[in-house]
Amino acid sequence: MKKIKLLSAVCAMAVAASFTLTGCGSSDAGRYNFYSLTSSGETMTMKEIEESYKEMDMEVPEMYLLLNDDGTGTLVMEDEDTQEVEWKDGVITIDGEESKYTVKDGKLTIEEEGDVLIVFEKAE
């Protein structure tokens, strides 16, 4: 009887933990559109990029980060530049390179080495 109670308690804890982990991992999931890039103290926003493309009479390329619930995703920085990503717990791996990321106020910020910040805004 003690084994059954212990097994039931362990199963209940495992189910509760899986819901907690699923909630944590998937909270950052979704599509994030490119917002800005900062490198060496210089920032370029998507609005500036759009204006540059329009001045050159060119179509603005799609630029976004898609994070799937299963910890995988896709980074699209230009129509031909698509990379698979893996992510979890504030760490994103793009093309084999790990970087830290944070999500605050609907913006996902990736911190890369060399003071590079890439910011994406959650799509609606």
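- Electrostatic pairing of E121 and K107 counts as a salt bridge here, judged by a charged N lying under 4.0 Å from a carboxylate O.
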Does the pair L66 and F120 meet the rule for a side chain to side chain contact (heavy atoms under 4.5 Å, CB included), with working shown?
-> CA-CA 10 Å; L66 178 64; F120 295 88; over 6 Å; no
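- No donor-acceptor pair closer than 3.5 Å links the side chain of E97 to the backbone N or O of I94.
- When the side chains of ILVMFWY residues are joined at heavy-atom separations under 4.5 Å, either directly or via intervening members, V91 and L67 end up in two distinct hydrophobic clusters.
- For the pair R31 and E62, the salt-bridge criterion is met [side-chain N within less than 4.0 Å of a carboxylate O].
- Residue T43 holds its OG1 atom at 8.0 Å from CG of L117, rounded to the nearest 0.5 Å.
- Put simply, the side chain of F34 does not reach to within 4.5 Å of the side chain of V76, judged on heavy atoms.
- Residue E59 comes nearest to Y53 through the heavy atom pair O-CD2, 3.3 Å, listed as atom of the first residue, atom of the second, then distance.
- Summarising the geometry, atom NZ belonging to K54 is positioned 12.5 Å from atom CE belonging to M56; distances are rounded to the nearest 0.5 Å.
- Atom CG in L75 sits 10.0 Å away from atom CD in E84 (nearest 0.5 Å).
- Shown here for D69 and A29, the closest heavy-atom pair between the two residues is OD1-CB, 3.1 Å.
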Test side chain to side chain contact (heavy atoms under 4.5 Å, CB included) on I49 and M63 and set out the steps.
-> CA-CA 11 Å; I49 292 170; M63 299 165 76; 4.2 Å; yes
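- In this structure, E112 places its CD atom where more than 12 heavy-atom neighbours from other residues, nucleotides or ligands lie under 6.0 Å away.
- For the pair M46 and V60, the minimum side-chain heavy-atom distance is below 4.5 Å.
- Members clustered with V119: Y35, by chain and number, using a 4.5 Å side-chain heavy-atom cutoff among hydrophobic residues.
- Looking at T93, its side chain never comes within 3.5 Å of a backbone N or O of G96 through a donor-acceptor pair.
- If you take CD1 on I118 and OG on S36, they are separated by 9.5 Å, rounding to the nearest 0.5 Å.
- The only option from T74, L65, I110, N68 that meets the side chain to side chain contact (heavy atoms under 4.5 Å, CB included) definition with V85 turns out to be L65.
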Step by step, would you call L37 with V116 a side chain to side chain contact (heavy atoms under 4.5 Å, CB included)?
-> CA-CA 7 Å; L37 170 71; V116 174; 3.8 Å; yes
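- Atom CD in E50 sits 8.0 Å away from atom OG1 in T45 (nearest 0.5 Å).
- For the pair W87 (side chain) and T72 (backbone), a donor-acceptor distance under 3.5 Å is present.
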Apply side chain to side chain contact (heavy atoms under 4.5 Å, CB included) to the pair Y101 and D28, showing each step before the final yes or no.
-> CA-CA 10 Å; Y101 79 87; D28 296 339; 2.8 Å; yes
